[in-house]
Amino acid sequence: MFDREIPYNDLPLLPPQEQIENDTDILKKLVIASRALASVNTNVLRLPNPLMLINTISLQEAKTSTEIENIFTTEDELYKAISDHRREEMTDPATKEVLRYREALWAGYNAIREKQKIDIQLMIDIFRQIKNTNAGIRPPHALVVIKKGDSEFGSGQTIYTPPRGNGIPEKLLENLENYLNDDQTFPIDPLIKMCIGHYQFEAIHPFQDGNGRTGRVLNLLLLNHKKLLSYPVLFHSKYIILNKDEYYHRLGAVTQRQDWKNWILFMLNAIEKTSILTNELIDAIIDQMEATLVYAKTMFTWYNKDLNELIFSQPYLKQKTFSQVLAKSSRTTLTKYLAQLTESKILHQVKDGKEVYYLNNELLRILGS
């Protein structure tokens, strides 16, 4: 019998004993999820400059992912912080956590392009970036347990105690690393491998904090590594937060009775629904970009495609940012242009003390929907 109060040192190594890849229900759902994910990959490449909008989408993913861990910030604080790097140093701890998640996502994306694998060191590096720490895998004596939150029924009750002891988490992580990277020994569909790997990482719970966020970053990096996603843009944390109770219930069911099937079905459904959501987000942004470009060019002869793309690169911008695409304009001319964009309601000017921000309300509307 599984005992929640005792470290789960008997966590089975991967792969699971169950013949998951031959289950009819899983195979049907796998086809649907794979097609949905492929459509996201195609849609991302429609963007005139994918990296431009990916920062915006990844920021939403970062914000939602930290909310799962009950860390909240306002969009206003977040967008102000990324519009001016100096402000990042003055922002509140919750906003810093969100920004670190996004930075960890991009650092991992760049690292995996170089390493061409997901290894234990990459996991540690992502964790350190998210938590702004030099710590690594939790020490053997650390009494880490997972308890119900204060807002839940039976708050404070232990629901899971992860593996503990000299070399035990390390051995399990080594097995996980091999499973994720060795497609010869473990020739299973990469989407199913992602589902299985995500459970195993969360069950190992290798760090004292930040395991959920680290695990969600690893999901995106694995999809990128397996060539299923060109950029880490899948907005999957929103689905998890909307189905948070079921997410933890399905995780627990694998631990307690090896119910892999329903866990994998849940995660594949998350991929499908998240892909649809991400596509809708990308479509809405592209459509609005095109509409704004057409409208602005009828109003102003100096308005161009580069400026339009800058306006949609993030919701809050400062005047100095516009000099990137209006470099030949004097400060007086630049001020005049921004006043015209504000008057025409393409941008909305907001003052915060001495700081002035130019908001793209249409982009904010899309991101907030």
Side-chain angles (χ1 to χ4, degrees), residues 49 51-67 70-107 129-132 285 288-289 291-293 295-297 299-369:
N49 176 7
L51 292 177
M52 176 193 67
L53 290 184
I54 289 166
N55 275 325
T56 302
I57 295 172
S58 66
L59 192 67
Q60 290 297 108
E61 167 65 15
K63 180 176 180 293
T64 309
S65 186
T66 52
E67 285 176 0
N70 295 315
I71 299 168
F72 299 94
T73 185
T74 65
E75 290 186 345
D76 183 63
E77 279 300 313
L78 201 53
Y79 294 139
K80 284 177 181 176
I82 64 169
S83 70
D84 188 345
H85 293 301
R86 291 176 302 173
R87 188 184 178 96
E88 291 184 22
E89 300 302 318
M90 301 180 290
T91 194
D92 62 276
T95 302
K96 287 181 179 179
E97 291 252 3
V98 176
L99 295 174
R100 286 199 296 267
Y101 178 95
R102 189 181 72 151
E103 291 162 4
L105 181 61
W106 280 112
Q129 182 92 41
I130 288 172
K131 296 302 299 177
N132 191 30
I285 292 173
Q288 187 59 59
M289 280 184 69
T292 300
L293 180 62
Y295 171 69
K297 289 184 76 173
M299 299 282 290
F300 313 113
T301 56
W302 47 266
Y303 196 89
N304 58 41
K305 182 174 176 289
D306 290 340
L307 178 56
N308 195 62
E309 290 182 5
L310 175 66
I311 286 172
F312 281 85
S313 64
Q314 59 192 50
Y316 285 45
L317 294 166
K318 298 187 71 175
Q319 180 169 324
K320 65 179 181 181
T321 310
F322 288 90
S323 61
Q324 297 172 13
V325 295
L326 297 170
K328 295 181 180 179
S329 303
S330 66
R331 184 178 180 86
T332 302
T333 302
L334 184 58
T335 301
K336 183 183 74 172
Y337 285 168
L338 289 173
Q340 290 175 344
L341 290 173
T342 301
E343 186 178 347
S344 63
K345 298 184 179 180
I346 293 172
L347 295 176
H348 175 64
Q349 187 187 93
V350 172
K351 292 184 178 180
D352 181 12
K354 294 182 179 180
E355 301 290 348
V356 178
Y357 299 93
Y358 293 90
L359 279 57
N360 183 339
N361 281 339
E362 295 309 309
L363 182 55
L364 283 167
R365 172 185 57 79
I366 292 167
L367 294 175
S369 61

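Only heavy atoms go into these numbers, but all of them, side chains included; no hydrogens, no water, no symmetry mates. Values in this document were obtained by computation on a predicted structure and should not be read as measured data.
- Note on E103 versus R100: no salt bridge recorded, every NZ/NE/NH1/NH2 to OD/OE distance being 4.0 Å or above.
- Ring pair F322/Y358 is perpendicular by interplanar angle, where above 60° counts as perpendicular and below 30° as parallel.
- Closest of all the heavy-atom pairs between Q129 and A107 is OE1-CB, 4.1 Å.
- Here CG of L341 is found 11.0 Å from CG of L317. Values are rounded to the nearest 0.5 Å.
- Residues Y357 and Q349 have side chains not in contact (no heavy-atom distance under 4.5 Å, counting atoms from C-beta outward).
- Considering CE of M289 and OG of S313, their distance stands at 9.0 Å, rounded to 0.5 Å.
- A distance of 5.0 Å separates CD in Q319 from CZ in R331, rounded to the nearest 0.5 Å.
- Atom CH2 of W302 is separated from atom NZ of K336 by 8.5 Å, given to the nearest 0.5 angstrom.
- Closest heavy-atom contact between L363 and P315: CD2-N, 3.8 Å.
- To the nearest 0.5 Å, the span separating CD1 on I346 from CG on L359 amounts to 14.5 Å.
- Residue E343 places its CD atom among 12 or fewer non-hydrogen atoms of other residues, nucleotides or ligands, all under 6.0 Å distant.
- For the pair Y303/T292, a side-chain contact is recorded, criterion being any heavy-atom separation below 4.5 Å from C-beta on.
- Using a 4.5 Å heavy-atom cutoff, the side chains of L307 and F300 are not in contact.
- Rounding to the nearest 0.5 angstrom, the gap separating the CD atom in Q340 from the CG atom in L347 is 12.0 Å.
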